[in-house]
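In this chain, numbering begins with 1 at the start of the sequence shown.
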Amino acid sequence: MTVRTRVAPSPTGDPHVGTAYIALFNYAFAKSQGGEFILRIEDTDRTRSTRESEAAILESLKWTGLSWDEGPDIGGPAGPYRQSDRIDIYQKYAQQLVDEGKAFYCFATADELAQMRAEQTAAGVQPHYDGRGLKLSEAQIKAHLDAGDPYVIRMKIPESGSFKFNDYLRGEVEIPWEQVDMQVLLKTDGYPTYFLANVVDDHLMGITHIFRGEEWLNSAPKLIKLYEDFGWQAPQLGHMPLLRNPDKSKLSKRKNPTSILYYQKMGFLPQALLNYLGRMGWSMPDGREKFSLEEMVESFDMKRVSLGGPVFDVDKLKWLNGLWIREELNDEQLADELHKWAYNRETLMKIIPQVKTRMEVFSDLAPIAAHFVSGIPEYDPALLLHKLSEEQFREGMQFFIWELEALREWNKDNIFVIAKAIADYLEVKVKDFLEPVFVAITGKTSSTSVVDAMEILGPDMSRARLRVALQTVGVSKKVAKKLDKAFKAYKAA
């Protein structure tokens, strides 16, 4: 048997370091066994998936040094490797489960389901699907279908007992069926949910082992039951420990930069980032901290993964990156890497139109354009609050960050539209709102156009700087809850 593993990211936002972490361990396991590693794109979320995000995922994973044997960019015998190109396949298998009595139609509307959950909550019951679709007669089902009523297809789940399976990393795991909902397999738009698409794809692509984040552990019964319903052999599942912030909370962009492209723009070496991710819950047999991808594969044993939540510490990553710079790059190589990172012609051609009108001598370039090739500036709170009150700054900056996180097309026009809408909400001039944004992005009170700078810097670095600026002024838990409530009202207006 050829070992085949995969990573299947969703192109719905920034390429996350957690994706690289899971990809690395699946890659290392497959290659250590002489096997194959597959990349598949899970783009069935039609409202959030974008080709721009997919391109960023491919670019970032390639930058780290990971490669795949089959994928949407290179093809392969089990393609297509983009789920939106496989919709007919999922629909066929969903209908097969219905025909065999292992899944069922549910015609309940969103309002009916919301009322059901509200009644369960009021009664002190954990909200769950109540199985109403199973109570429909064949005549009722036919009448709904003949009328063209929208429906989802749900899988049947046992009402009692528990499910046991052997996790590759954790041993025997038992989960009561009462904790497992009757999962939607096919949505009203004909698109599959994660569970159906992954089971079908992993089977048809011959995936033998799946190592994924521990947040998916409780969904394992649904996943493995689907294999049983189809009569297929399930891959071996293993659930990796989650990456955590230094305070042991789940790694999140609110407390740590999480985009792979952020670390690329900051000037980290890809070898150092992969090296650091390899140390997240695993170590070399000889205990050394610095090792290459090839050395990790050569010594890899998945059973040596520790289940304690590994802490992603940026300062530790910087230390390791420094080792790579000093020990692996001679002066010529370092010059080449610096040129490739920020001083290449493509990057300069973006920056020059922004700085040319402000230059009198070449030496003006560095102070004018420093924010394009630097990390996070240090902020003077007085400058951030020069035009806005603390309350206006916190509300405006937080709204701006959240709106930018949802921005599908990153360009200066879209950024300005968001800024103008928030300024109107705050009842301030847009230039007054953009002044603290300017300071947050550049660290200065005068420089190049802020929206142009944000377009050039990209979403990863821009949002990271805005978050740090907001943290500089400070947001308490109480204020954070108030901001969340206010933002929902702002979006509903």
Ion pair check, D14 and R463, cut-off under 4.0 Å | yes

Flag the pair R48 and E42 as a salt bridge only when some basic side-chain nitrogen lies within less than 4.0 angstrom of an acidic carboxylate oxygen.
-> no

Yes or no on side chain to side chain donor-acceptor pair (under 3.5 Å) for D201 and Y90, after CA distance, side-chain angles and deciding distance?
-> CA-CA 9 Å; D201 287 347; Y90 309 129; 2.7 Å; yes

Classify the side-chain pair N218/Q179 by whether it contains a donor and acceptor separated by less than 3.5 Å.
-> no

Check whether any side-chain N or O of N321 sits under 3.5 Å from a backbone N or O of L317 as a donor-acceptor pair, and report yes or no.
-> no

Does the pair R82/D85 count as a salt bridge with the N-to-O cut at 4.0 Å?
-> yes

Salt bridge (charged side-chain N to carboxylate O under 4.0 Å, His left out) against D202, all qualifying residues, sequence neighbours excluded = R6, R40

State, yes or no, whether a side-chain contact exists between Y191 and I87 at a heavy-atom distance under 4.5 Å.
-> yes

Parallel, tilted or perpendicular: which fits the ring planes of Y343 and W341, with parallel below 30° and perpendicular above 60°?
-> perpendicular

Would you please name every residue forming a salt bridge (charged side-chain N to carboxylate O under 4.0 Å, His left out) with D88, sequence neighbours left out?
-> none

Is a salt bridge present between D424 and K420, judged by a nitrogen-to-oxygen distance below 4.0 Å?
-> yes

Rounding to 0.5 Å, atoms CG (L186) and CE (M155) come to a distance of 13.5 Å

Report the C-alpha separation of Y490 and E395 in whole Å, then their side-chain angles, then the decisive distance to 0.1 Å, and conclude whether the side chain to side chain donor-acceptor pair (under 3.5 Å) test is met.
-> CA-CA 11 Å; Y490 166 74; E395 193 167 40; over 6 Å; no

Contact check, side chains of M116 and E112, non-hydrogen atoms, under 4.5 Å = no

A464 meets the side chain to side chain contact (heavy atoms under 4.5 Å, CB included) criterion, sequence neighbours left out, with Y262, I376

In this structure, are over 12 heavy atoms from other groups packed under 6.0 Å from Q95 atom CD?
-> yes

Could you tell me whether the side chains of D45 and T12 share a donor-acceptor contact shorter than 3.5 Å?
-> no

Does the side chain of H371 pick up a donor-acceptor pair with the side chain of T448 at under 3.5 Å?
-> yes

Would you say K187 has more than 12 foreign heavy atoms packed within less than 6.0 Å of its NZ?
-> yes

Could you tell me how the ring of F37 sits relative to the ring of Y27: parallel (under 30°), tilted (30 to 60°) or perpendicular (over 60°)?
-> perpendicular

Got a salt bridge between E435 and K431, using NZ or NE/NH1/NH2 to carboxylate O under 4.0 Å?
-> no

Pair K62 + E59: basic N to acidic O under 4.0 Å = no

So does D364 pair up with R358, basic N to acidic O under 4.0 Å?
-> no

Are the side chain of T472 and the backbone N or O of V468 linked by a donor-acceptor pair below 3.5 Å?
-> yes

Quick one: do the Y129 and Q183 side chains pair a donor with an acceptor below 3.5 Å?
-> no

Would R244 count as a cation-pi partner of F312, with NZ or CZ less than 6.0 Å from the six-membered ring centre and within 45° of the ring normal?
-> no

Tell me, do P241 and P310 make a side-chain contact under 4.5 Å, heavy atoms counted?
-> yes

Does a salt bridge link K350 with E455, judged by any charged N lying under 4.0 Å from a carboxylate O?
-> no

Among side-chain atoms of S249 and D247, is any donor-acceptor pair under 3.5 angstrom?
-> yes

Value rounded to 0.5 Å, distance of CZ in R86 from CG in L204 | 5.5 Å

Would you tell me whether Y263 and D460 have side-chain atoms, one donor and one acceptor, within less than 3.5 Å of each other?
-> no

